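Note that the coordinates shown come from a computational prediction; the quantities given were computed from them, not determined experimentally.
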Amino acid sequence: MRWLLRRSSDVALIGGASKLGFNEFRRTVVSTCRAVLVPRFGGAEVLELREDVIVPDLKPNEVLVRARAVSVNPLDCRIRAGYGRSLYEPLLPLIIGRDVSGEVAAVGNSVRSLSVGQEVFGALHPTAVRGTYTDYAILAEDELTPKPETISHAEASAIPFAALTAWRALRSIARIKKGQRVLVVGGGGAVGFSAIQLAVAAGCHVSTTCGGESIEHILAAGAEQAVDFTTEGHEQSIKGYFDAVLDTVGIPETEKMGINLLKRGGHYMTLQGEAASYADAYGLTVGLAMATTVLMKKQIQCRISHGIDYQWAYMRADAEGLDEIRRLSASGKLKVPVEKTYPFTQVREAHEGKDKRIVTGKVVLELN
């Protein structure tokens, strides 16, 4: 066995490993690095940039990525503020962050599809406890894919978490097909805009609700109808019925609208699942049981009253989805526009910009 250094030209044997079993950890190329930590829950001011955070050794299926850019997702801000505390509080301090784009620095001994020095991008599962706001991020092999040469690290880092969330809903749950009609509620956000592009690429007819400022670029992405949700009677402006509705807003009004606009046999999917909220309020064991009961009740009600499927949609690692996301990104058919970039050292300013809605679009942190 060899332990790999940062670049392919630096490969070296660091120590004997003939007696190590397949499940042993592989030593990483660095012992410490910079990382943004959440020592306690709160506003952007709680974020701490530390210089000497330990880099764990790699498991056989893991990849060490030298980060060049990481994006700021709404989930990052929510976790920092205390969302999911039932899971995360015992693990404080946390490294937050889900998306990353960078270069492979080292690989675990079972990794075969990626090599040292290769440019990659990808995203961690929502419940990962060591995030990507760090010089050296660790992801599983199936959470990464080669970065297209046609896009920058900043552009690449904005894509995977949002696009995989949309992929999970549309392709894994609804199994959309060419010719079907898809409604995206909240098409102006990163997940909604990704969903529109994925559905268009699948050959679907796409409608969406969004803010007026997003209509032009949503129509340019291939949507057939974009309705300004701020206008009076916007629900009546949406034409026809749909095979699938992805609701990225998830309030009672949009849920009611989405369910009523579905054909029998259709799929309603919301990103605002209540599992974490119930767990935070009642503890993991009781809260997750209650959330499961609530979901099952809604599923039964929707099946009986409307003949539709009701689901809470979450992002998960999906090698097939990530491969399609890479191909669509390389061809320019899938983009998540970056509104503003910040240096990694200005992470507090980046979070404040999102919290106060000074920056409404995608924010990316760039690392030297």
Side-chain angles (χ1 to χ4, degrees), residues 1-40 46-71 76 79-80 88-125 127-144 147 153 157 317 342-348 365-368:
M1 182 190 295
R2 289 173 179 264
W3 288 311
L4 300 178
L5 290 181
R6 187 171 313 180
R7 301 183 186 277
S8 55
S9 60
D10 295 330
V11 174
L13 187 65
I14 300 177
S18 60
K19 295 183 180 179
L20 290 180
F22 180 79
N23 291 322
E24 293 290 340
F25 295 116
R26 173 168 289 187
R27 188 177 303 164
T28 56
V29 298
V30 291
S31 58
T32 61
C33 69
R34 293 183 307 169
V36 173
L37 297 183
V38 177
R40 63 188 185 282
V46 306
L47 297 173
E48 294 183 4
L49 178 59
R50 297 185 187 174
E51 302 282 342
D52 57 351
V53 176
I54 293 174
V55 180
D57 291 336
L58 297 179
K59 296 177 183 177
N61 69 325
E62 289 182 335
V63 179
L64 185 70
V65 178
R66 174 64 172 95
R68 299 300 179 187
V70 297
S71 79
D76 302 340
I79 291 174
R80 184 213 70 222
Y88 296 117
E89 193 161 31
L91 303 172
L92 292 175
L94 290 173
I95 301 174
I96 57 174
R98 292 297 173 263
D99 292 305
V100 66
S101 182
E103 299 135 15
V104 175
V107 296
N109 57 18
S110 69
V111 174
R112 297 291 179 266
S113 65
L114 301 171
S115 58
V116 174
Q118 190 172 9
E119 292 190 331
V120 293
F121 72 124
L124 290 164
H125 188 274
T127 59
V129 297
R130 186 185 190 276
T132 58
Y133 285 20
T134 175
D135 285 323
Y136 287 92
I138 296 177
L139 294 87
E141 182 179 12
D142 64 0
E143 294 174 329
L144 291 165
K147 182 185 79 67
H153 284 298
S157 73
Y342 290 84
F344 188 55
T345 53
Q346 294 181 13
V347 61
R348 287 184 177 178
L365 303 171
E366 293 186 303
L367 294 89
N368 295 329

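Atom CG of L94 is separated from atom CZ of R40 by 13.5 Å, given to the nearest 0.5 angstrom. Distance OG/S71 to CG/D76: 7.0 Å, rounded to 0.5 Å. To the nearest 0.5 angstrom, L365 atom CG is 7.0 Å from F344 atom CZ. Going from atom OG of S157 over to atom CG of L367 covers 9.5 Å, rounded to the nearest 0.5 Å.
Side chain of R98 to main chain of A128: a donor-acceptor pair is present (N/O by atom type, distance under 3.5 Å, no hydrogens or angles). Remark: side-chain polar atoms of T134 are paired, donor with acceptor, to backbone N or O of R34 under 3.5 angstrom. Q118 places a side-chain N or O within donor-acceptor distance of the main-chain N or O of S115, the cut-off being under 3.5 Å. Checking side-chain atoms of N61 against main-chain N and O of A140 turns up no donor-acceptor pair under 3.5 Å. Here the side chain of R348 pairs a donor or acceptor atom with the backbone of L47 at under 3.5 angstrom.
When all heavy atoms of P93 and P39 are compared, the pair lying nearest together is CB-CA, 3.8 Å. For the pair R50 and E48, the tightest heavy-atom approach, listed with the atom from each and the gap, is NH2-OE1, 2.7 Å. The two residues Y88 and T127 have their closest heavy-atom pair at OH-CA, 3.3 Å. Of all non-hydrogen atoms in D99 and A123, the two that sit nearest each other are OD1-CB, 3.6 Å. The shortest non-hydrogen separation linking I138 to L124 is O-CD2, 3.6 Å. The two residues S113 and E141 have their closest heavy-atom pair at OG-OE2, 2.6 Å.
Open room surrounds CD1 on I54; 12 or fewer heavy atoms of other groups in view lie less than 6.0 Å from it.
For the salt bridge (Lys or Arg N to Asp or Glu O under 4.0 Å) test, no residue two or more places apart in sequence or in another chain qualifies with E366. In terms of the side chain to side chain donor-acceptor pair (under 3.5 Å) criterion, T132 has no residue partners (sequence neighbours excluded). In this view, R130 satisfies the salt bridge (Lys or Arg N to Asp or Glu O under 4.0 Å) rule with no residue, not counting sequence neighbours.
Between V63 and L139 there is no side-chain heavy-atom pair separated by less than 4.5 Å. Contact check for V107 versus L58: no side-chain heavy atoms found under the 4.5 Å cut-off. Side-chain contact check for V53 versus L37: some heavy-atom pair is nearer than 4.5 Å.
Of the candidates H153, R66, R68, E119 forms a side-chain hydrogen bond (donor to acceptor under 3.5 Å, both in side chains) with just one, namely H153.
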